[in-house]
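Here is the structure we will look at, set down as structure tokens.
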Amino acid sequence: MSKKIAILHTSFVFVSVEPVITDLIAELIPGADIMHFVDSDVLATVVREGGISSRSEARMVHLAKAAEAAGADIIFSACSSLGPARDTAARNVATPVVKIDEAMAELAARRGNRIGVLATVPTTLGPTSDLIRAKADENGRAISIEQRLCEGAFSILMSGDREKHDAMVIEQAVDLARTTDTIVLAQASMNRLATRLEEKTGITVLASPRLGVTYLGEQLESSSEAQS
């Protein structure tokens, strides 16, 4: 019997603009049934309010509960901006919840020393940096983190102008590479640029989708074994 994976979205970017997550699940977890649960306004609300309010947190809990009610075997949170809200949602359901950026943060914390966090949405910088610091603490490593915002690029991507979005991200990444040894792409929407950015910067560039979906598959297998 195929397993049901519920993906929680806070915009339509991974549904209609960049279907990378769906494609990776098809490649790495073949045969899985995918369900999408979207609150297309919550990310915009968090950006507008400059942080995660109790109302926005409640909306993420609602998505997770809806996924659980639909019979999901595992829940994949595709948004990096709502870190604390994802944790709250996970505590409110019995279904396992996997964060898209958890495996990436672990790898960055293990390998990097001077880590640059590059984002196109301002509210992603804090949660991603905090997750990397937490992973570094768990591994007993001292790291430094430099945050960099590519302001306006996400809105440009959502308007359909990939070329301008990509040029803005590349410009910021090249500059950030001057003072760091590893760049973490805080949003999965920059994933397809990772290889180009490594070529342009000459340093390690980490993106979350493949790492996250690989980890998702491992957690799904572990959960299945525990239930058998």
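Count residues from 1 along the sequence. Everything numeric in this text was worked out from a predicted model, so none of it was measured.
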Are more than 12 heavy atoms from other residues, nucleotides or ligands located less than 6.0 Å from atom CZ of Arg48?
yes
Given the rule that I, L, V, M, F, W and Y join up when any side-chain heavy atoms are under 4.5 Å apart, are Tyr215 and Leu211 in one cluster?
no
Rounded distance [0.5 Å steps], NE2 in His165 versus CE in Met158:
10.5 Å
If you measure from CZ on Arg210 to CG on Leu216, what distance do you get to the nearest 0.5 Å?
13.5 Å
Enter the distance from Ile52:CD1 to Glu57:CD here, rounded to the nearest 0.5 Å.
7.5 Å
Minimum heavy-atom distance between Arg86 and Cys79, given as atom pair plus value
NH1-O, 3.1 Å
Side-chain heavy atoms under 4.5 angstrom apart, residues restricted to Ile, Leu, Val, Met, Phe, Trp, Tyr: same cluster for Leu206 and Ile100?
no
Answer whether the closest heavy-atom distance between the side chains of Ile115 and Glu146 falls below 4.5 Å.
no
Apply the test side-chain contact (heavy atoms from CB on, under 4.5 Å) to residues Met104 and Leu131: give CA-CA distance (whole Å), side-chain angles for both, the deciding distance (0.1 Å), then the verdict.
CA-CA 10 Å; Met104 177 183 67; Leu131 187 57; over 6 Å; no
When rounded to the nearest 0.5 angstrom, what distance separates CG in Leu176 from CD1 in Ile183?
4.5 Å
With heavy-atom distances below 4.5 Å as the criterion, would you say the side chains of Arg141 and Lys135 are in contact?
no
Are Val121 and Leu125 connected into the same hydrophobic cluster when the rule is that any two of I, L, V, M, F, W, Y join if their side-chain heavy atoms are below 4.5 Å apart?
no
Using only atom types and a distance under 3.5 Å, with no angle test, would you say the side chain of Asp175 pairs donor to acceptor with the backbone of Glu171?
no
Scanning both residues in full, the closest heavy-atom pair of Pro209 with Val20 reads CB-CG2, 4.1 Å
Hey, quick one: are Leu118 and Val47 part of the same hydrophobic cluster, counting side-chain heavy atoms closer than 4.5 Å, chains of contacts allowed?
no
Closest contact, heavy atoms only, Ala109 versus Ala136:
CB-N, 3.4 Å
Take atom CD of Glu27 as the centre, draw a 6.0 Å sphere, and report whether it contains more than 12 heavy atoms from other residues, nucleotides or ligands.
yes
Could you tell me whether Glu49 atom CD has more than 12 heavy atoms of other residues or ligands within 6.0 Å of it?
yes
Would you please say whether a donor-acceptor pair under 3.5 Å links the side chains of Arg59 and Ser56?
no
If you look at every heavy atom in Ala70 and Lys4, which pair is closest and at what distance?
O-NZ, 3.7 Å
Using side-chain heavy atoms (C-beta onward) and a distance below 4.5 Å, is Thr182 in contact with Arg114?
no
Taking atom types as modelled, is there a side-chain donor on Ser80 or Gln187 under 3.5 Å from an acceptor on the other?
no
Excluding sequence neighbours, so at least two apart, what forms side-chain hydrogen bond (donor to acceptor under 3.5 Å, both in side chains) with Asn191?
none
Dump the intermediate steps for side-chain contact (heavy atoms from CB on, under 4.5 Å) on Ile156 and Met168, then the final yes or no.
CA-CA 10 Å; Ile156 289 169; Met168 293 172 68; 3.4 Å; yes
Any side-chain heavy-atom pair from Ile75 and Val98 closer than 4.5 angstrom?
no
From CA spacing to verdict: side-chain contact (heavy atoms from CB on, under 4.5 Å), Leu43, His9:
CA-CA 9 Å; Leu43 177 57; His9 302 274; over 6 Å; no
With side chains defined as the heavy atoms from C-beta onward, is the minimum distance between Lys3 and Asp33 less than 4.5 Å?
no
Would you sort out whether Met35 and Ile5 count as a side-chain contact (heavy atoms from CB on, under 4.5 Å), showing the intermediate values?
CA-CA 6 Å; Met35 303 182 291; Ile5 299 173; over 6 Å; no
Ionic contact status for Asp181 with Arg111, cut-off 4.0 Å
no
Can you see which heavy atom on Ala67 is nearest to which on Phe37, and at what distance?
CA-CZ, 3.6 Å
Side-chain (Glu68) to main-chain (Thr95) donor-acceptor, under 3.5 angstrom
yes
A side-chain contact here means heavy atoms from C-beta on lying under 4.5 Å apart; do Asp87 and Val97 qualify?
no
Quiz: residues 198-205 side-chain donor-acceptor pairs under 3.5 angstrom, not counting sequence neighbours:
| residue | atom | partner | partner atom | Å |
| --- | --- | --- | --- | --- |
| Glu198 | OE2 | Val205 | N | 2.9 |
| Thr201 | OG1 | Leu197 | O | 2.7 |
| Thr201 | OG1 | Ile203 | N | 3.3 |

For a 4.5 angstrom cut-off between non-hydrogen side-chain atoms, does Val117 reach Arg148?
no
Any donor-acceptor N or O pair under 3.5 Å, side chains Glu106, Asn139:
yes
Can you confirm whether Thr120 sits close enough to Leu157 that some side-chain heavy atom of one is under 4.5 Å from a side-chain heavy atom of the other?
no
Within this structure, what is the CD1-OG distance for the pair Ile21 and Ser189, rounded to the nearest 0.5 Å?
9.5 Å
Of the options Leu8, Thr10, Leu63, Thr45, which is the one that meets Asp39 in a side chain to side chain contact (heavy atoms under 4.5 Å, CB included)?
Leu63
Can you name the closest pair of heavy atoms from Ser129 and Ile145 and give their distance?
O-CD1, 3.6 Å
Value rounded to 0.5 Å, distance of CD in Glu218 from CG in Leu220
11.0 Å
